[in-house]
Amino acid sequence: MIENAYDEMQLPDGTPRSHYRRYGTWLHSQAPDRLARRRAEADSRFHRVGITFAIHGENEGAERLIPFDIVPRILPATEWRMLEEGLRQRVRALNAFLNDVYHGQEILRAGRIPAELILCNAQYRPEMQGIEVPGRIYAHIAGIDVVRAGDGDFHVLEDNLRVPSGVSYMLENRKMMMRLFPELFARHSIAPVEHYPDVLLENLRSVAPVGVTDPTVVLLTAGAHNSAYFEHAFLAQQMGVELVEGLDLFVRDDAVYMRTTRGPVRVDVIYRRIDDDFLDPLAFRPDSMLGVPGLLSAYRAGRVTVANAIGTGIADDKSIYPYVPDMIEFYFGEKPLLANVETYVLRRPDDLAYTLAHLDELVVKEVHGAGGYGMLIGPAASRAQLDAFRARIIADPPGYIAQPTLALSTCPTFVANGLAPRHIDLRPYVLSGRETTIVPGGLTRVALVAGSLVVNSSQGGGTKDTWVLEN
Amino acid sequence: MLARTADHLYWMSRFIERAESLARTLDAHYRHSLLPHAPEVVARDWRATLEALGVYELYLERHSEVSPASAFQFLAFDRDHAGSIVACLRQARENARAVRGTITSEMWETLNSTWLEVRGYEAANADHDIGDFLEWVRYRSHLSRGVTLGTMLRDEAFRFVRIGTFLEGADATARMLLARARPGFVPVDEAAGPDAYTWTLLLRSLSAFEVYRKVYRDAVTPWRVTELLVLRDDLPRSLSRCADEVYENLRAVANDQSAETERRAGQFYSAFHFGRLEQLLAPGLGAFLEGILERVADLGVRIAQDFLVPPSPN
């Protein structure tokens, strides 16, 4: 796989690409033991600061570091501009789609997306039908996973519109790099990312319910045992808003309040980091201890904004993904600036037949899966795994999509015996409110195992600082 | 501020203070153990400490007899005993983690590294020097206090941290004195025979020996030690000082339902501020201190009701 992958740093002849030239010179001038010391320093600092996450299925309270690699992923300004335009267009279309699905459903009536794909989807929330949300924005915070394939072009691999995470690592990685290698920042002109919390707060305030002039924003977390708790606490602190749990909030007369030491205080915007299912035990899962009884009713009455909106999962479902280019054309009459990865939709008989015949070459994903769980990577699978997955697909073809195994681009990464190429992706964060803002870069995730294409932190992936060079 | 946040801050600081107080208590024993003693005297002193801490029964469920090694293990390293130093440091850290966005990052990092480092002491349990460990706990507590005072905004959150610190401080000082108060004991104002050294150790473990010399310029007597630890409101860990701080910080966060709690805190403080030691100790030192512990517990319950888990207004 690695042979035909695009190397972010080097040209095929081994010389550095122009945007890596200065970094390459610096890297070769560094004594190996200095770099080793810096790597150790990064680890101990991340531990002390408690930048950790919990892994599903491990002992409760077990905290792990996400491995951090000190070689940055660098993007030249021209590439970033192109990427940024594509992301804006895509997220605009996804928001237009959500507004349409929960109002007139014109795209369904026009036959551009099969209606049953939406209406029979567990991610479709009929409770949202006809609700007016401020600015018609549903996905206020979107994390769009982008990969660069062998030809050097960017493709969108996945849209994350529910509770995308990871942005705290983008910020902490930058802080760490500036601390470890200040000289690099003097030598390069690197677009800053530190203002992300300000932009996020401004974005959340801009979508407050109509008539609220000085909105109170809170961040709703599932609590200290949630895998992304560090990020929740970090963002709340950086924005200067309260970090609340469900029990801290209550609803009275369709308004949301938080319990404080001085009595109830009205809440206008909830940046929620828990899934739809757990938001309101009266409306969704009745056994949820994490939510706020009556929240949906307050939301429907327009007395509080929930970000991201309830029901955004219908737009990032893998069964809907193949139709995002159609959305762009349908709503704006534009050509997509960022391509999808070629996708076989297994509810279509031709695609199913092709997939079953080429299973060992393809990546197959459950349409409702996430986080790198429930997928098959054909070329890396054993005969038994292929057979087992084949049986699952045949039992429920609409439950799967398939894609060619992409040679994700690689970036040099420190591993046990020195620098080696490892596959990476990129998750930029797109903020939509009164304006659309993208902080340059995003989170670069790296698959640390040689040859592996799975970059998810829950599956042993690491992260890198991402630099967008300014010209 | 969120009631839950106040709750975590309050308990965070109580557990930091409790870990330090335990280290001070154990330190007094440790120093004492360096002197020649009959084994029954050593066992009696440990028993008095375990009783004063209210954990003697719990201790007996796990250990057949009172020995310095097992008592030390129980109070310092027993993770299954929620009142051990290690358990307190863990709970301080867990509470801090729940409000890491409210406290400063320096505070969080201090408490988190304390927890990461104590695990090293645990791993080396048998080998390390007891005195070294106790000193480390005290230094970490100094560091926590310093980083709190040095970095935290003087807002409501800070007030709840202070309330927790000083309520726990009052509790700890009362218990350390209680361990010296055998039934019916009334402190006298003369150097106390063979027991004299234990009063000096008590002062040392409360960092109050040099203060005592400065204030009294005279021999150590039980009466004066009691006076210093109860009434001197310029001594940081005295009951009077702690009660004063609890009252003052409570008034700063007063809400609609806290009037009665404030009144009781004020009464508690007044007892030291306007009381005379003769009167206070009339029922005996032990009975006086038991009364103090009850009032501290009452204030703890009332603070929780008024501020930390306010009843739902629905």
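Letters go in sequence order (proteins before strands), and every chain restarts at 1.
Here A:Arg259 contributes atom CZ and B:Thr5 contributes atom OG1; the two are 13.0 Å apart, rounded to the nearest 0.5 Å. Annotation: the span from B:Ser105 atom OG to A:Gln238 atom CD amounts to 8.0 Å, rounded to 0.5 Å.
In this structure, chain A has no heavy atom under 4.5 Å from any part of B:Leu111. For a residue to count as touching a neighbouring chain, one of its non-hydrogen atoms must lie under 4.5 Å from one of that chain's; by this rule B:Leu2 touches chain A with backbone and side chain alike. Neither the backbone nor the side chain of A:Val218 comes within contact range of chain B; no heavy atoms are under 4.5 Å apart. Only the side chain of A:Tyr229 comes within contact range of chain B, judged by heavy atoms closer than 4.5 Å. With a 4.5 Å cut-off on non-hydrogen atoms, A:Glu245 touches chain B through its backbone and its side chain both.
Nearest heavy-atom pair across B:Phe307 and A:Thr261 is O-CG2, 3.8 Å. Listed here is the closest heavy atom pair of B:Asn112 and A:His47: ND2-O, 3.0 Å.
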Show me, pair by pair, the donor-acceptor contacts under 3.5 angstrom made by side chains of residues 289-304 of chain A, not counting sequence neighbours?
unit_1   : atom_1 : unit_2   : atom_2 : d
A:Ser297 : OG     : A:Asp254 : OD1    : 2.6
A:Arg300 : NH1    : A:Glu127 : O      : 2.3
A:Arg303 : NH1    : A:Asp253 : O      : 3.3

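Within a 6.0 Å sphere centred on CZ of A:Phe185, other residues, nucleotides and ligands contribute more than 12 heavy atoms. Open room surrounds CZ on A:Arg179; 12 or fewer heavy atoms of other groups in view lie less than 6.0 Å from it.
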Legend entry - side-chain contact (heavy atoms from CB on, under 4.5 Å) evaluation trace for A:Leu247 with B:Arg4: CA-CA 9 Å; A:Leu247 288 173; B:Arg4 183 177 51 80; over 6 Å; no
Inset, instruction - Could you give me the CA-CA distance, side-chain angles and deciding distance for B:Arg100 and A:His232, then say whether side-chain contact (heavy atoms from CB on, under 4.5 Å) is met? - result: CA-CA 10 Å; B:Arg100 58 181 291 175; A:His232 304 166; over 6 Å; no
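Between chain B and the options A:Val265, A:Thr221, A:Val244, A:Leu235, heavy-atom pairs under 4.5 Å are most frequent for A:Val244. For the set B:Ala98, B:Ala254, B:Ser113, the count of heavy-atom pairs under 4.5 angstrom toward chain A peaks at B:Ala98. Taking B:Val253, B:Asp7, B:Asp256, B:Thr102 one by one and counting their heavy-atom pairs under 4.5 Å with chain A, the maximum is reached by B:Val253.
Put simply, the side chain of B:Glu109 never gets that close to the backbone of A:Arg45: no donor and acceptor are under 3.5 Å apart.
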